[in-house]
Structures are given as structure tokens and as C-alpha cells.
Amino acid sequence: MSGVFQMANYNGGSYVVIEGKREAQNFFIIMKGKLRTQKEMQYAGEEASQVLGPGDFFGVESAMSGHSRIETVVALSECSLIVVNHDQFGLLIQKNTPVAMKIIRSFSVKLRSFDNTITRLSFRNAVEEDPQHLFEVAEFWFNQKRFNHAAYGFQKYLQWCPTGEKVSQAKMRLQSMNKPMVAPAVPESNINRTFKEDEMVFAENEPGRELYIIQSGRVKITKMVNGQEVMLAVLQPGDIFGEMALLDNKPRSASAIIAEDATMLAINKTNFEGMVKAQPQLATRLITILSERIWMAYRQLSNLMISDPLGRLFDTLLTLAEKNHVKIGPKASHNFDIGGKDLLKMVGFDEKKDERYLMDLLKNRWMRLDEGKLICLDLQELEKQVAFHKKKVSMDRKREKAAAR
Ligand code: CMP
């Protein structure tokens with residue numbers, strides 16, 4: 001494999017990638033030697049650093065999403081690395097399908113663990129992925145009078161938890177809505193699927209064996225958080241979803257509901273690997289989507305570690321600008337598509353009680369509110385503020401550690 005890709009050798013102590021560095025083009029697969037990862041912001045429960053060895057890879061999220069590096073990696077000994085450019089992922093699949101598959105699989109595991117930590121830290125509730133919870137999701141929809149969704153949820157509860165505690169309640173609900181006890185069977189052998197608006201593709205907590213590639217129409221991805229349904233994304237043709245349950249054998253992490261009549265390809269485990277090999281561009285798209293989501297989840301997590309509320313607002317704005325691939329530089333400006341209240345909500349602050357932080361934000365002459373939308377007139381200043389607040393967190397942490405010794 002090394003013949004078609006570039007190789008690079010590093011001495012012990014060299015920095016191969018540095019957190020925060022932009023325009024990362026390459027990712028690395030370790031052939032020989034050991035390296036250590038480091039992150040500026042750590043959350044409770046996360047390993048401070050990890051040691052990587054032959055067969056491991058790093059730098060994929062940033063190279064494939066075109067965003068800044070999310071970790072620093074230092075060589076611990078002399079090492080040899082395979083350097084893969086972001087546009088060579090297809091080639092990597094052709095030359096070494098197992099490595100490409102390992103990357104895709106590990107990404108979906110990583111994403112789920114990030115998602116769970118974010119939910120745990122920001123909403124302080126445990127994340128439980130268990131078909132038993134299908135009942136609660138269905139009950140929420142029932143109370144909202146969304147009877148098609150509720151019926152789907154109760155039917156799936158009965159299917160996956162036939163001896164569950166709520167079986168008789170679920171049956172009563174279905175009867176009261178005049179719906180059958182069993183959902184219509186989907187012909188799994190047919191990979192072409194059509195869905196009508198408002199139909200469910202799957203519900204949160206339902207075991208799943210397929211991923212979907214949207215060919216036409218739109219799909220909403222929603223999740224229950226603290227008894228409320230939160231919209232995670234609206235997906236369009238070309239988008240892929242449902243890969244997480246397929247890749248790590250866990251129930252669905254969110255629900256998929258049709259927002260506009262849709263046609264899709266449904267890929268199951270058996271034909272997934274075949275598809276990856278036969279259509280490297282699809283797998284490249286999948287890894288790009290996963291990289292994008294991991295990058296965003298990491299930034300959300302590190303935002304939660306910033307103790308100063310104003311620092312969190314600055315950091316959220318910088319993440320939004322970077323997400324849109326806006327060039328950060330002196331006097332570079334960016335018009336955000338959100339207002340002050342949206343920003344407070346994104347950080348999990350209260351619109352009224354925490355409004356003063358918004359006022360503090362707007363005291364900076366390079367921040368402005370125009371027709372209800374936020375504008376930053378100097379992204380480099382914004383970046384400096386974020387760096388200052390992050391530095392403060394890591395210094396406080398060091399001090400705490402020293403005091404504990
Ligand atoms: P899976 O867990 O199988 O089922 C729900 C799907 O929603 C999940 O796979 C992802 O494909 C998708 N998904 C989960 N979280 C997000 C998110 N934050 N943005 C977009 N899609 C998501």
C-alpha cells in the first residue's frame with residue numbers, strides 16, 4: 001500500500017499535527033513507532049492522552065472535513081507514517097478496504113460517545129439506548145396528537161419488547177387510535193424505498209440494520225432531550241443517515257421522519273462492505289459526513305469546558321464561522337445567520353436571565369447586531385478572545401491539579 005501513498009518519518013519528540021492548525025490536508029496511518037495524542041480541553045472521564053501504534057490512524061476528522069486539527073499528536077519514538085491526502089480516501093478504499101472500514105467504524109463509535117457525553121454534560125441526564133424507551137418516545141408523540149408517529153413507536157415497542165412492562169398500555173394506545181398492532185412489513189430485500197411525507201423511517205431506540213442514502217426528498221433527524229423533541233438536522237438528497245446503528249450494533253440514536261416525499265437506497269450490513277468497495281465516492285462521502293459531525297461534536301464538548309459564560313459565547317461564534325469555512329484573519333468579517341437569542345439558546349443559556357452576557361459580548365467594538373443578526377467585524381479578535389478563555393481553563397486546571405497533590 002505504501003507504494004501509492006507518500007511516506008513520512010519522524011524522530012521521537014516531533015509534533016506531527018498541532019491542535020487548532022487550519023487547512024489540514026493529510027491524515028496518517030502508523031506503520032512503525034508510537035505516538036501520543038493530546039487535547040487542549042479535556043472533559044471529565046476522558047483519557048488525558050492516548051498512545052497510538054502500528055495500524056492506528058489520526059488526523060482523519062480534520063483532513064476529511066477541511067476544518068482545523070482537533071488534537072495534537074507527538075511522536076514518542078522514531079516512527080514511519082503513511083500520509084493520505086484528503087482526496088485519496090477513495091484510493092485508500094481500493095488499496096486497503098480493511099483500514100478504510102476500520103476508520104469508518106471507529107468514527108461512528110467515537111461520534112456516539114461524543115454525543116452521549118454532550119447530552120450528559122449539557123442536560124445532566126443519563127443516555128440510555130434501549131428499545132424499552134420506545135414506549136416513552138411513542139407516548140410523547142401520542143400526547144402531541146401525532147398519531148402516525150405514536151403508532152409507529154408503540155408497534156416497534158411491541159415488536160422489540162414483547163414481554164415489556166408497558167405491553168398492555170401500548171396495545172391500549174394502538175386500539176384507541178384504531179391502528180394495527182403490527183407495523184406493515186418492509187421488504188428488506190428491496191434496496192429502493194419510497195416514503196411519504198410525515199412517515200417514520202425509524203424511531204429513536206429502535207434496533208436498526210440499514211443505513212440510507214437519500215435520492216430525493218428531505219428527512220428530519222430528531223431526538224428526545226429532557227422530555228422535549230430537539231431537531232438535529234434536516235437532510236437532503238445525497239445525504240446519508242442511519243450509519244451509526246449499522247456500524248456499532250446499537251439502537252438508533254435519533255428518529256428519522258420524512259419532511260418531504262422521499263426515495264432512498266437502503267443498505268444493510270451484508271451489502272455495505274460491497275458498496276464501499278464498488279462505490280468509493282459513497283464511502284468518501286460517508287467519512288466526510290462523519291468527520292464533519294465529529295469535528296462539530298468535539299468543538300461543542302470543548303465549549304462546555306469553558307467556565308466563563310462570555311468565553312462560551314465567543315467560542316460558539318468562532319465554531320460557527322469555522323464550520324462555514326470562513327477564513328479567519330485580521331479584519332475578516334462574518335455575518336452570522338443567527339440573532340442574540342439564538343446564540344444564547346445554542347449555548348444552553350436562558351434568554352432572559354443570561355441576557356447580560358449578550359450585552360457584554362456586544363460591548364466589543366468588533367461585534368455588532370444588525371437587523372437582529374450578529375456580525376463580527378474582526379474574526380482574528382474573536383479568535384484571540386477564545387484562545388484567552390481556553391488558556392484560562394487549562395491554567396485553572398493545572399492549578400487545581402497542583403493543589404490536589
Ligand atoms: P443512527 O443512530 O443509526 O440513527 C439515527 C441517525 O441520525 C444516526 O444514525 C445518524 O445517521 C443521524 N444523526 C445522529 N446525530 C445527528 C446529528 N447531530 N446531525 C445529523 N444527523 C445525525
Side-chain angles (χ1 to χ4, degrees), residues 61 64-65 67 104-123 127-131 133-134 137 149 152-153 156 160 186 188 193 195 199-215 217-226 228-259 262 264-269 271-272 275-276 282-283 285-301 303-304 316 319-320 323-324 345-346 348:
E61 305 85 341
M64 295 308 291
S65 69
H67 292 309
I104 294 176
R105 261 195 210 109
S106 76
F107 266 34
S108 101
V109 173
K110 200 165 175 178
L111 190 55
R112 192 184 289 270
S113 127
F114 271 162
D115 273 356
N116 290 355
T117 311
I118 291 172
T119 313
R120 188 164 48 77
L121 291 179
S122 42
F123 304 102
V127 182
E128 290 177 67
E129 282 147 346
D130 183 332
H133 293 293
L134 276 163
V137 182
H149 301 165
Y152 182 92
K156 290 293 161 184
W160 294 105
V186 179
E188 283 197 9
R193 303 281 164 80
F195 292 90
E199 217 177 312
M200 302 265 340
V201 184
F202 51 71
E204 182 177 343
N205 298 315
E206 177 185 344
R209 289 194 290 252
E210 293 175 328
L211 69 76
Y212 300 86
I213 303 165
I214 308 177
Q215 294 188 300
R218 287 186 311 137
V219 181
K220 285 186 288 191
I221 304 289
T222 73
K223 188 179 173 76
M224 299 294 298
V225 178
N226 270 0
Q228 290 299 319
E229 191 175 24
V230 177
M231 175 96 77
L232 294 180
V234 180
L235 307 178
Q236 303 179 4
D239 282 336
I240 300 172
F241 66 97
E243 75 294 336
M244 288 166 69
L246 177 102
L247 293 169
D248 60 10
N249 287 323
K250 291 253 179 72
R252 299 289 186 194
S253 61
S255 300
I257 305 171
I258 302 293
M264 293 179 216
L265 293 180
I267 312 287
N268 63 24
K269 240 194 172 115
N271 41 36
F272 179 64
M275 180 203 84
V276 167
L282 269 180
R285 184 147 172 77
L286 181 58
I287 198 74
T288 307
I289 291 172
L290 289 173
S291 298
E292 195 62 65
R293 290 221 299 263
I294 288 185
W295 182 86
M296 193 61 197
Y298 174 68
R299 293 291 291 252
Q300 276 174 285
L301 258 182
N303 184 277
L304 288 169
T316 302
T319 298
L320 283 178
K323 186 170 185 254
N324 288 324
K345 233 193 264 166
M346 284 180 82

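In each ligand, atom 1 is the first atom listed, and ligand 1 is the first ligand listed. Predicted model only: the values in this text are computed from it and were never measured.
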By number and element, which atoms of ligand 1 are closer than 4.0 Å to a non-hydrogen atom of [X]?
X: A245; result: 1 (P), 2 (O), 3 (O)
X: F202; result: 4 (O), 5 (C)
X: F241; result: 11 (O)

Could you check whether any side-chain heavy atom of [X] comes within less than 4.5 Å of a side-chain heavy atom of [Y], counting everything from C-beta outward?
X: W160; Y: N205; result: no
X: F107; Y: M64; result: no
X: L265; Y: Q215; result: yes
X: M244; Y: D115; result: yes
X: S291; Y: I287; result: yes

Identify, for [atom], the protein heavy atom at the shortest distance, and state residue, atom and that distance.
atom: atom 20 (C) of ligand 1; answer: A233 CB, 3.5 Å
atom: atom 15 (N) of ligand 1; answer: L232 CD1, 3.6 Å
atom: atom 2 (O) of ligand 1; answer: S253 OG, 2.7 Å
atom: atom 7 (O) of ligand 1; answer: I221 CG2, 3.5 Å
atom: atom 19 (N) of ligand 1; answer: R293 CD, 3.5 Å

Would G242 count as a polar contact of ligand 1, with the cut-off being nitrogen or oxygen pairs under 3.5 Å?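 Such a contact does occur with ligand 1.
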
What do you reckon, does I240 have a nitrogen or oxygen under 3.5 Å from a nitrogen or oxygen of ligand 1?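 Looking only at distances, the answer is no, because the N/O contact criterion of under 3.5 Å is not met.
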
Given Q300, E292, E243, which one has a non-hydrogen atom that is nearest to atom 11 (O) of ligand 1? E243

Are E229 and K220 within salt-bridge range, i.e. N to O under 4.0 Å? no

At under 4.0 Å between heavy atoms, which part of E204 makes contact with ligand 1: side chain, backbone, both or neither?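 For E204, no heavy atom sits under 4.0 Å from ligand 1.
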
Under a plain distance cut-off of 3.5 Å, with no hydrogens placed, do E61 and H67 share a side-chain donor-acceptor pair? no

Classify the ring geometry between F202 and F241 as parallel (under 30°), tilted (30 to 60°) or perpendicular (over 60°). tilted

